[in-house]
Amino acid sequence: MKIAIPIWNDCVSSVFDFSGKLLLVEMENGKEISRSEALLESQSLSHRVGKLKSLEIDVLVCGAISRALANMVTVSRIQVLPYVTGSIDDVLQAYLTGQLVKPEFSMPGCWPGARKGFGRRRRSYQWQGWRR
């Protein structure tokens, strides 16, 4: 299994859509067997997805990600674990031990259930004075 994590200064990059580098971690039987890095030269969404596919990525652990890119990655049969923050080593350890759902790995401002995907959120507006 291959895990990709967009990185910035030894931490998970805050937005995958604009990150320039990926950490690639190859796992076997729940243990890390290799690490390498790959550059993301293109900012095009389709090129980013193509890069993930060419690297044979199984799981993308990332910070924020646009809905369009998340959908493209998911359609490519790559699992997306969004809205993750923290140091690379801590995030990897949390992923391996099933602890990635802990609050300390959630990006600030993420709503409950955000990691379940981009479903519709219902909002109730008490005041709707913005309508004319």
_Which atom of M27 lies closest to which atom of V25, heavy atoms considered_ = SD-CG1, 3.6 Å
_Which residue is it: I78, L45, V80, I65? I am looking for the one with a side chain to side chain contact (heavy atoms under 4.5 Å, CB included) to M72._
L45
_Would I3 and E26 count as a side chain to side chain contact (heavy atoms under 4.5 Å, CB included) here? Give the steps._
CA-CA 6 Å; I3 302 168; E26 194 159 354; over 6 Å; no
_Is there a side chain to side chain contact (heavy atoms under 4.5 Å, CB included) between D58 and Q79? Walk through the geometry before answering._
CA-CA 6 Å; D58 299 300; Q79 182 183 12; over 6 Å; no
*Yes or no on side chain to side chain contact (heavy atoms under 4.5 Å, CB included) for Q99 and V101, after CA distance, side-chain angles and deciding distance?*
CA-CA 5 Å; Q99 301 298 311; V101 295; over 6 Å; no
*Output yes when a side-chain donor or acceptor of K2 lies under 3.5 Å from a complementary backbone atom of L55, and no otherwise.*
yes
*For residues C11 and I88, determine if any side-chain heavy atom of one lies less than 4.5 Å from a side-chain heavy atom of the other.*
no
*asked:* Could you measure the distance from the OG atom of S87 to the CG atom of N9? Nearest 0.5 Å is fine.
replied: 12.5 Å
_4.5 Å side-chain heavy-atom contact, I5 and L92_ = yes
_So that I can tick it off, tell me whether E56 and K53 are bridged by a salt bridge, with the cut-off set at under 4.0 angstrom between side-chain N and carboxylate O._
no
*Heavy-atom distance under 4.5 Å between the side chains of I7 and S13, does that happen here?*
no
*Transitively linked via ILVMFWY side-chain contacts under 4.5 Å: V49 with F18?*
no
*Taking the side chain as C-beta and beyond, is there a heavy-atom pair between M107 and V84 under 4.5 Å?*
no
*OH-OG distance between Y83 and S106, expressed to the nearest 0.5 angstrom*: 11.5 Å
*With a 4.5 Å limit on heavy-atom distance, are the side chains of F105 and D90 in contact?*
yes
*asked:* Would a single hydrophobic cluster contain both L100 and L96, if residues Ile, Leu, Val, Met, Phe, Trp and Tyr are joined by side-chain heavy-atom contacts under 4.5 Å?
replied: yes
*I would like to know whether R35 and E32 meet salt bridge (charged side-chain N to carboxylate O under 4.0 Å, His left out); could you show each step before the answer?*
CA-CA 8 Å; R35 274 190 194 199; E32 183 178 326; 2.7 Å; yes
*Minimal non-hydrogen separation, A4 against L52, with atom names*: CB-CD2, 4.3 Å
*Could you tell me the separation between the OG1 atom of T85 and the CD atom of E104, rounded to the nearest 0.5 Å?*
11.0 Å
*How about I57 and L24: do any of their side-chain heavy atoms sit closer than 4.5 Å?*
yes
_Flag side-chain contact, heavy atom, 4.5 Å: P6 against L60_ = yes
_Does any part of the side chain of L69, heavy atoms only, come nearer than 4.5 Å to the side chain of D17, both counted from C-beta?_
yes
*Using modelled atom types only, decide if a donor and an acceptor are shared between the side chain of R48 and the backbone of F16 within a distance under 3.5 Å.*
yes
